[in-house]
Protein chains: 2
Amino acid sequence: MQTGPDIARVAALLGDPGRANIVTALLDGSALTAGELARQAGVTAPTASAHLARLEQGGLLARQRQGRHNYFRLAHPEIGQLLEGLMGLAERIGHRRTRTGPKEPALRLARVCYDHLAGELGVAMLDGLVRDGRLAHEDGQLRLTEAGEAFMADFGIGLVDLRQGRRPLCRACLDWSERRPHLAGSLGAALLQRFQALGWASREAGSRVVRFSPAGRAEFAATFGLTG
Amino acid sequence: MQTGPDIARVAALLGDPGRANIVTALLDGSALTAGELARQAGVTAPTASAHLARLEQGGLLARQRQGRHNYFRLAHPEIGQLLEGLMGLAERIGHRRTRTGPKEPALRLARVCYDHLAGELGVAMLDGLVRDGRLAHEDGQLRLTEAGEAFMADFGIGLVDLRQGRRPLCRACLDWSERRPHLAGSLGAALLQRFQALGWASREAGSRVVRFSPAGRAEFAATFGLTG
DNA sequence: TGCATGGTTTGATGCTCATCGAAACATCGT
DNA sequence: ACGATGTTTCGATGAGCATCAAACCATGCA
């Protein structure tokens, strides 16, 4: 008999392949309809509907009705963090769904984690920002320095807007494939959006892959002082 | 159809209340026998045996036969990290097993996380170490500074031994109750052991609670420069 | 060589729940 | 108003599995 949070309830929600596929599909931060999720999960509409109801009831998903469509998204960014942690552990333990798929390398290079950049380039970006004194680790938190504020403003990020929301500006998120942190939080999300606006990178439809153009990749490396 | 690590397998293992109780009981880093775990989990010996077999098969637990006893422990420290993450999320979402139990405050103040100090005092200690320049955040990793090495040696920590193992010396572990990191890794484990050797604190049998004596608490605060 | 104790295996039972087809419901475009 | 599309509800089916009692195996002690 133990006290404390009920981890079994949450784990059981993620313990079904269908539901796991659903939340993984939502890990890119998008909001998908019930039908899309059913297809992604490889189940029929009724089963998906039942799963979605349970996930919503369990507090993992948020539902937004829009006309005849039902959009679902992760209820909280922290859920994405947990999923990355689960992936890391599953990988270490050797539980893999398939032999490394074809688009696996692209996924390891650059992917979306909820709504920010993850993968090799994601952690490299955070490293660069810290090395150049734009972000600072402080009491285990990430803080934007004055130099960092100037840098972001120059890069076209509207910090004022970002500080409006109650979501933290900077946050370290442990990367699944790199096993080191990358930048999350509203700033991380804004940066990824900016990359897309600048045409440096684009999201691959229906996957978490972020594809950089050769020119965009070069600009990216130059901006954050990456050698690789 | 998705690729990548199979999170459902791992989550399903943790999704049963019996198994969740088992791993939670092992979260204090101890190695317990099958019988003890059966009692902790509130199931009979046969069911526990089945659960333990599945957990071992799944790579979450390591078994060590000693005579007619079977000792189980978490297969890897990272599993403890994931469990704390799961607890944090479950708490946020509002899944609690019971109304806050009686020993809950003690647990939030100071407890064992796998083998190192967690809770209010755990994060305060890390804060103090960083503030005083003994640990430094670097590229998202924790590093022991020169001043820190001197401090640890003076405090009676044998760094040479710690560096032998392949386990990282310092590691940040996200605290379940405080939602901020505390110090893990072999150094974190060594510090907790030292506290016990000095008589500052002692483990409460059969729980994760770490109980500081009044004098020990004062020494602790003085050593790490805590005001609270 | 026995007896006690810890642990696992086996077998049987019952429950939860994932799944899908069919039908009902809701919304949109025409 | 009506057909088309997206979504949920209902009902039925089946599989997986958690559970325990009883039997079995192994180790330690006398």
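Expressed to the nearest 0.5 Å, how far CG of A:L37 lies from CG of A:L61 amounts to 7.5 Å. In this structure, CZ in A:F224 is found 5.0 Å from CZ in A:F155, a value given to the nearest 0.5 Å.
Salt bridge absent: A:R111 and A:E120 never bring a charged side-chain N and a carboxylate O closer than 4.0 Å.
Per the geometry, CD belonging to A:Q57 stands 14 Å off P belonging to D:dT8, to the nearest Å. As a whole-Å value, the separation of A:H51 NE2 from C:dT16 P is 18 Å. The separation between B:L13 atom CG and D:dC17 atom P is 10 Å, rounded to whole Å. Atom CD1 in A:I22 sits roughly 13 Å away from atom C1' in C:dT19 (whole-Å rounding). At whole-Å resolution of the value, CZ in A:R9 and P in C:dT16 are 15 Å apart. B:L52 has its CG atom 11 Å from the P atom of C:dT9, to the nearest Å. Between A:L55 atom CG and C:dA18 atom P the separation is 10 Å, expressed in whole Å. Protein atom CZ of B:R65 is 17 Å distant from nucleotide atom C1' of D:dG28, rounded to whole Å.
Closest to the side chain of A:P46, from the set D:dC20, D:dT19, D:dT8, is D:dT8.
With a 4.5 Å cut-off on side-chain heavy atoms, B:L60 and B:L74 do not count as touching.
OP1 or OP2 of C:dT8 lies within a sub-4.0 Å distance of a side-chain N or O belonging to B:N70. An OP1 or OP2 oxygen of D:dA18 is reached within less than 4.0 angstrom by a side-chain nitrogen or oxygen of B:R19. Residue B:R63 places at least one side-chain N or O closer than 4.0 Å to OP1 or OP2 of C:dT8. Contact between the side-chain N/O atoms of B:T47 and the OP1/OP2 oxygens of D:dC20 is found at a separation under 4.0 Å. At C:dT27, none of the side-chain N or O atoms of A:H69 fall inside 4.0 Å of OP1 or OP2 (strictly under the cut-off). When the side-chain nitrogen and oxygen atoms of B:R54 are compared with OP1 and OP2 of D:dA18, one or more of them lie within a distance under 4.0 Å. Close to D:dC20, at under 4.0 Å from its OP1 or OP2, lies a side-chain N or O of B:T44.
If you find the closest nucleotide of DNA chain C to B:E36 and to A:V43, the one lying nearer the 5' end belongs to B:E36.
Remark: the A:R68 side chain and the D:dT7 base include no donor-acceptor N/O pair separated by less than 3.5 Å.
Side chain of A:E56 to backbone of A:A53: no donor-acceptor contact under 3.5 angstrom is found.
Base contact: B:A45 has a heavy atom under 4.0 Å from a base atom.
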